[in-house]
Amino acid sequence: MAYMLVAVAALMFGLYNVFIKLSANHIEAVLGAVVLQFVAAFFGLALLLYMKSSGTVIYSSGKGLLLATLAGLAIGLVEVLTFYIFARGVPVAVGNPLIVGGSLLVTTGVGYVLLREHLSLMQLLAIALIASGVALLGWSAAR
């Protein structure tokens with residue numbers, strides 16, 4: 001079940017980037033980011049209200065709220081930057097892998113160094129392949 005959710009999340013994240021690319025030349029970047037954040041917030045609010053009405057216990061802590069707020073600030077900036085990147089003509093087939101691949105390297109580094117997560121030899125090889133792919137893609141796009 002978890003892998004099915006991963007597949008759906010990957011599909012939605014891919015469509016998210018395609019829709020940003022398609023709209024980037026038709027809307028100012030900050031306005032586009034605000035529109036998509038409002039839609040996401042209203043969608044999330046609808047789900048939260050449904051959960052509450054169905055009796056689901058909604059839990060949170062101060063730390064959880066702070067970290068979710070910081071994540072929101074980070075993704076808000078990513079959304080604005082993505083609109084600007086795609087509006088400048090970067091193809092979605094290049095920009096998205098560079099952004100996502102770069103973010104994978106950052107999160108893996110943070111997970112390993114700060115969160116003390118273990119990486120197997122196979123995982124390290126996969127990360128090296130991702131880093132190589134990002135480097136090759138960036139190099140070929142810059143030519």
Side-chain angles (χ1 to χ4, degrees), residues 1-53 56 58-143:
M1 178 63 171
Y3 290 110
M4 179 63 86
L5 295 175
V6 168
V8 172
L11 173 66
M12 292 300 108
F13 192 60
L15 291 174
Y16 156 87
N17 283 288
V18 168
F19 291 138
I20 289 175
K21 170 62 178 175
L22 293 173
S23 66
N25 290 322
H26 303 282
I27 193 168
E28 201 282 323
V30 174
L31 177 59
V34 168
V35 167
L36 94 94
Q37 290 169 21
F38 268 112
V39 171
F42 286 126
F43 179 74
L45 180 60
L47 285 176
L48 190 62
L49 291 173
Y50 171 76
M51 291 170 64
K52 184 101 171 125
S53 72
T56 302
I58 309 297
Y59 65 92
S60 68
S61 67
K63 183 177 181 178
L65 292 171
L66 173 65
L67 293 171
T69 300
L70 293 173
L73 290 171
I75 198 64
L77 182 57
V78 167
E79 289 167 352
V80 171
L81 291 172
T82 303
F83 273 99
Y84 280 124
I85 290 164
F86 290 149
R88 286 178 169 61
V90 175
V92 72
V94 173
N96 188 50
L98 289 175
I99 294 167
V100 173
S103 75
L104 292 173
L105 298 175
V106 170
T107 55
T108 301
V110 168
Y112 182 75
V113 174
L114 297 180
L115 303 179
R116 307 277 188 235
E117 295 176 350
H118 174 75
L119 293 172
S120 70
L121 184 59
M122 184 69 76
Q123 291 165 328
L124 288 171
L125 177 61
I127 293 163
L129 289 171
I130 291 168
S132 299
V134 168
L136 284 171
L137 191 59
W139 178 67
S140 69
R143 298 175 94 211

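Since this is a predicted model, take the numbers as computed values, not measurements.
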Return the minimal non-hydrogen interatomic distance between Val90 and Lys21, and the atom names on each side. O-NZ, 3.0 Å

If you round to the nearest 0.5 Å, how far is CD1 of Ile58 from CE of Met51? 4.0 Å

Quick one: are Val78 and Ile75 in side-chain contact, heavy atoms under 4.5 Å? yes

Side chain to side chain, Val100 and Phe13, heavy atoms closer than 4.5 Å: yes

So Ile99 and Ile85, do their side chains get closer than 4.5 Å, heavy atoms only? yes

Decide yes or no for Tyr112 and Ile127: does some side-chain heavy atom of the first lie under 4.5 Å from some side-chain heavy atom of the second? no

Could you tell me if the side chain of Met12 sits less than 4.5 Å from the side chain of Leu15, heavy atoms only? yes

Can you check side chain to side chain donor-acceptor pair (under 3.5 Å) on Tyr84 and Glu28, steps first, answer last? CA-CA 9 Å; Tyr84 280 124; Glu28 201 282 323; 3.3 Å; yes

Student check: side-chain heavy atoms of Leu36 and Ile20 closer than 4.5 Å: yes

Heavy-atom nearest pair, Ile27 first then Phe83, reads CG2-CE2, 3.9 Å

Minimum-distance pair of heavy atoms, taken over all atoms of Ala93 and Pro97: O-CG, 3.2 Å

List the atom of Leu137, the atom of Ser140, and the distance in Å for their closest heavy-atom pair. O-OG, 3.0 Å

Using modelled atom types only, decide if a donor and an acceptor are shared between the side chain of Thr108 and the backbone of Leu105 within a distance under 3.5 Å. no

Which heavy atom of Thr107 sits nearest to which heavy atom of Leu104, and what is that distance? OG1-O, 3.2 Å

Can you see which heavy atom on Val80 is nearest to which on Ala33, and at what distance? CG2-CB, 3.5 Å

